[in-house]
Amino acid sequence: MSNNFQLTISQLSLRYLGFENLALENISAQSRGKRIGIIGPSHAGKSSLLALLAGIAGKMIPAKFSGSVRINGEELEAWRSQHEIALLLQDPASQLSGLADTVYDELAFSLLNQGKSDEEIESAVKRATDQLDLTNLLDQSPNPLGLAAKPAVWRPDPAGSHCHCPGH
């Protein structure tokens, strides 16, 4: 199996509910490679595109889109049903859900939204926190943690990649 991806975006538009302006308007692009970079100026729609690819826009954040996104020839939803995507934001603090009372709940948040079982969630969080030696923080609030601990707790690499992709 090749590690290359082919991303094809055709006439993609995205509007967040409650907003008049489109976040993405009639975007078409094609790219292939092991890694695909998305660059552009502020407010160009990079984060909105990534949120759509990760399944956040339209599910967790109310939005409607039109057009098509295909990965390796498959429609985005079909491809995503067989693969998991983790989204890493530039600012680690912006990755907090704002809904979790403990570090455990924060790490479990995306898995819960993916419909993972309690056993899968517990296993993934334990594996990630064991690897990062953060088990002692699980019962603490994620908010008052020192800056040195925050990136390890919030960053998908490596904790989140294990939490978002339990089989990896």
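What you are looking at is a predicted structure, and each value in this text was computed from that prediction instead of being measured.
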Using side chain to side chain donor-acceptor pair (under 3.5 Å) as the criterion, list what pairs up with Lys126, not counting sequence neighbours. Asp130

Is there a side-chain contact between Asp139 and Tyr104 (heavy atoms, below 4.5 Å)? no

Residues passing the side-chain contact (heavy atoms from CB on, under 4.5 Å) test with Asn26, sequence neighbours excluded, are Gln11, Ser13

Side-chain donor or acceptor of Lys46 paired with backbone N/O of Pro41 under 3.5 Å: yes

If the condition is side-chain contact (heavy atoms from CB on, under 4.5 Å), which residues does Leu112 pass it with, not counting sequence neighbours? Ile121

Are the side chains of Leu138 and Thr102 in touch, meaning some heavy atoms are under 4.5 Å apart? no

Would you find a donor on one side and an acceptor on the other, under 3.5 Å apart, between the side chain of Glu120 and the backbone of Ser117? yes

Quick one: are Val69 and Leu12 in side-chain contact, heavy atoms under 4.5 Å? yes

Beyond-backbone contact of Glu75 with Ser68, side-chain heavy atoms, under 4.5 angstrom: yes

Taking Arg70 for its side chain and Leu7 for its backbone only, find out whether a donor-acceptor pair lies under 3.5 Å. no

Tightest non-hydrogen contact, residues Ser48 and Leu14, listed as CB-CD2, 3.7 Å

Aromatic plane relationship, His83 with Trp79 - under 30° parallel, 30 to 60° tilted, over 60° perpendicular: parallel

Report yes if some heavy atom in the side chain of Thr129 is under 4.5 Å from a heavy atom in the side chain of Asn136; otherwise report no. no

